[in-house]
Number of protein chains: 2
Amino acid sequence: MYVTIMRQKKTSPANNVTVLERLRTAGLRPTRQRLALAKLMFARGHRHVSAEQLFNEAKSSRVDVSLATVYNALHDFTAKGLLREISIDSSSSYFDTNTGSHHHFYFERSGHLEDIAAERVNIASLPEAPGGAEISRVDVIIRVKA
Amino acid sequence: MYVTIMRQKKTSPANNVTVLERLRTAGLRPTRQRLALAKLMFARGHRHVSAEQLFNEAKSSRVDVSLATVYNALHDFTAKGLLREISIDSSSSYFDTNTGSHHHFYFERSGHLEDIAAERVNIASLPEAPGGAEISRVDVIIRVKA
DNA sequence: TCTATCATTAGAATTGTTCTAAACTGCTTG
DNA sequence: CAAGCAGTTTAGAACAATTCTAATGATAGA
Ligand SMILES: [Mn+2]
Ligand SMILES: [Mn+2]
Ligand SMILES: [Zn+2]
Ligand SMILES: [Zn+2]
């Protein structure tokens with residue numbers, strides 16, 4: 001048997017390569033599941049996605065992964081700096097494909113998050129952390145009644 | 001039977017009156033449970049308390065309330081503006097006795113929250129909310145590696 | 001190709017929180 | 001000071017997000 005039939009959904013080769021390289025560079029084995037999930041996450045622009053959402057997208061795309069794998073992948077990606085985890089509404093957490101410095105609008109009615117470029121928030125001064133502790137990041141969340 | 005024996009833990013009358021008035025003013029019936037919980041919450045300075053924490057404090061103080069009542073009270077207090085709910089770590093939410101405008105240090109290791117007076121954070125400029133939506137509040141969270 | 005290591009999985013378990021529906025209590029009215 | 005109703009409390013069940021378990025499967029280096 002020398003023929004392998006490829007029946008995977010077609011995606012742009014460039015996209016494939018990019019995602020594969022991103023995983024390898026991050027030190028993550030590019031398994032079938034992680035590749036598929038990473039493609040779903042990173043294909044379109046920046047997003048704020050919950051585990052449940054990604055799990056459903058996977059199902060819709062006929063990517064057969066378990067929910068545990070979705071959580072594992074999201075946490076692994078986060079640990080390697082490919083994603084950032086955000087908890088605003090304590091009901092569930094979002095994974096942000098935008099890992100650069102930025103802030104958020106939070107639409108209270110819908111629970112939706114929208115990025116704010118770092119430059120659009122001008123912080124003139126901040127207090128120093130108690131005991132000179134290191135600041136790991138500053139999050140600004142603008143809660144909007146909408 | 002004309003004698004009612006009072007075996008409640010003694011608290012300063014002033015404190016009692018204050019808490020009772022706060023509940024009444026807020027439009028909340030000052031029930032035995034709410035009074036006890038409000039006293040625990042507001043007795044010492046500003047705090048960030050989880051439902052579980054308050055439930056345990058109640059037990060320690062021999063205040064016999066159910067966990068459902070703790071949740072009900074915390075949410076009722078929040079709805080009436082006596083508390084403010086904060087969700088940073090998605091594992092559970094905190095209730096903040098400081099309802100004025102202020103910000104927070106978040107100690108990532110311990111999960112502890114510490115207030116920052118509003119004046120200590122100087123925001124020079126903020127973007128307008130999309131569609132001119134009303135901003136309900138701006139939260140600044142300084143995450144500290146400690 | 002072999003194999004150690006790492007990843008995936010189904011389903012059970014855990015945890016914070018909410019729901020249910022019955023018992024109870026604060027408050028107003030007569 | 002009843003009576004009675006709306007608002008409250010409660011035990012425990014139910015829920016939903018997430019994590020764990022332990023067995024199976026895949027990856028990558030030798
Ligand atoms: Mn998480
Ligand atoms: Mn809540
Ligand atoms: Zn974002
Ligand atoms: Zn606070």
Side-chain angles (χ1 to χ4, degrees), chain A residues 1 4 8 19-38 40 48-59 62-80 82-83 85-95 111, chain B residues 1-2 4 8 16 19-38 40 48-59 62-80 82-83 85-95 111:
Chain A
M1 298 289 256
T4 302
Q8 298 221 332
V19 169
L20 192 140
E21 275 170 5
R22 283 186 81 160
L23 293 184
R24 267 205 225 286
T25 303
L28 292 167
R29 281 193 190 172
T31 63
R32 175 163 44 267
Q33 291 86 340
R34 295 215 273 224
L35 277 168
L37 294 173
L40 287 173
H48 306 95
V49 184
S50 70
E52 198 69 28
Q53 269 171 58
L54 181 58
F55 183 58
N56 287 328
E57 287 184 19
K59 280 198 277 198
R62 307 186 176 291
V63 171
D64 193 30
V65 288
S66 72
L67 180 57
T69 298
V70 170
Y71 275 102
N72 289 340
L74 288 172
H75 285 141
D76 294 344
F77 294 177
T78 301
K80 299 299 188 175
L82 266 43
L83 292 175
E85 190 172 355
I86 304 180
S87 332
I88 289 185
D89 185 285
S90 80
S91 65
S92 84
S93 67
Y94 291 98
F95 293 86
Chain B
M1 299 289 253
Y2 294 106
T4 302
Q8 299 220 331
N16 264 300
V19 168
L20 191 140
E21 274 170 7
R22 283 186 81 160
L23 293 184
R24 266 204 226 286
T25 303
L28 292 166
R29 279 197 194 171
T31 64
R32 174 163 49 267
Q33 292 85 341
R34 283 181 179 159
L35 277 168
L37 294 173
L40 287 173
H48 306 94
V49 183
S50 71
E52 198 70 27
Q53 269 171 59
L54 181 58
F55 183 58
N56 287 327
E57 287 184 19
K59 280 199 277 198
R62 307 187 176 292
V63 171
D64 192 31
V65 287
S66 72
L67 181 58
T69 297
V70 171
Y71 275 102
N72 289 341
L74 288 173
H75 285 142
D76 293 344
F77 293 176
T78 302
K80 299 298 187 175
L82 267 41
L83 293 175
E85 190 173 354
I86 305 179
S87 333
I88 289 186
D89 185 284
S90 79
S91 65
S92 84
S93 68
Y94 291 96
F95 294 85

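A, B, ... follow the sequence lines: proteins, then strands. Residue 1 opens every chain. It should be emphasised that the depicted structure is a prediction, and the values quoted were computed from it without experimental measurement.
- Across B:F55 and B:S66, no two heavy atoms sit closer than the pair CE1-C, 3.8 Å.
- Note: CD1 (B:I88) to P (C:dG16) measures 17 Å, nearest angstrom.
- Taking the C1' atoms of five terminal pairs at each end of the helix from C:dT1-D:dA30 to C:dG30-D:dC1, the two resulting helix axes are inclined by 30°, rounded to 10°.
- Partner of A:L54 under the side chain to side chain contact (heavy atoms under 4.5 Å, CB included) criterion, out of A:L37, A:L67, A:V65: A:L37 alone.
- Here the rule is side chain to side chain donor-acceptor pair (under 3.5 Å) with A:R34, and of A:D76, A:T69, A:N72 only A:D76 fits it.
- Rounded to an integer number of Å, the gap from A:Y94 OH to D:dA17 P is 10 Å.
- Residue A:Q53 contributes atom CD, which lies 11 Å from atom P of D:dT18 at whole-angstrom precision.
- Residue A:S91 is classed as a sugar-phosphate contact, given heavy-atom separations below 4.0 Å to backbone atoms only.
- Contact check of residues 22-31 of chain A against DNA chain C (heavy atom, cut-off under 4.0 Å) returns A:R29, A:T31.
- Checking the phosphate oxygens (OP1, OP2) of C:dG16, no side-chain nitrogen or oxygen of A:S90 falls inside 4.0 Å.
- Atoms CZ (B:R34) and C1' (D:dT10) sit 14 Å apart, rounded to a whole Å.
- Annotation: the span from A:T78 atom OG1 to A:L82 atom CG amounts to 8.5 Å, rounded to 0.5 Å.
- Across all non-hydrogen atoms, the minimal contact from B:P30 to B:L23 is CA-CD1, 3.9 Å.
- Counting any heavy atom pair closer than 4.0 Å across all strands shown, A:D76 reaches no nucleic acid atom.
- Around CG of B:N56, the count of heavy atoms belonging to other residues, nucleotides or ligands within 6.0 Å exceeds 12.
- From B:D89, atom CG reaches atom CD of A:E85 across 9.0 Å, with rounding to the nearest 0.5 Å.
- Contact check, B:Y71 against C:dT17: a side-chain N or O comes under 4.0 Å of OP1 or OP2.
- For the pair B:N72 CG and C:dT25 C1', the computed distance is 15 Å after rounding to whole Å.
- Interface residues of residues 62-70 of chain B facing DNA chain D, ordered by number: B:D64, B:V65, B:S66, B:A68, B:T69; criterion, heavy-atom separation under 4.0 Å.
- Taking CG of A:L74 as the start and CZ of A:F95 as the end, the distance is 4.5 Å to the nearest 0.5 Å.
- The CZ-P distance, from B:R32 to C:dA23, rounds to 18 Å in whole Å.
- Atoms CG and NE2, on A:L83 and A:H48 in that order, are 10.5 Å from each other to the nearest 0.5 Å.
- Summarising the geometry, atom OH belonging to A:Y94 is positioned 11.5 Å from atom OG belonging to B:S90; distances are rounded to the nearest 0.5 Å.
- Put simply, OG1 on B:T25 and CG on B:L20 are 9.0 Å apart, with the number rounded to the nearest 0.5 Å.
- Within the structure, a side-chain polar atom (N or O) of A:Q33 is placed less than 4.0 Å from OP1 or OP2 of C:dT9.
- The closest donor-acceptor contact from the side chain of B:S87 to the backbone of A:I88 lies under 3.5 Å.
- One interatomic measurement links the two molecules: CZ of B:F55 to C1' of C:dT18, which rounds to 15 Å at whole-angstrom precision.
- Phosphate contact (OP1/OP2 of D:dT18, side-chain N/O of A:H75, threshold under 4.0 Å): absent.
- Between B:N56 atom CG and C:dT15 atom P there is a gap of 14 Å when expressed in whole angstrom units.
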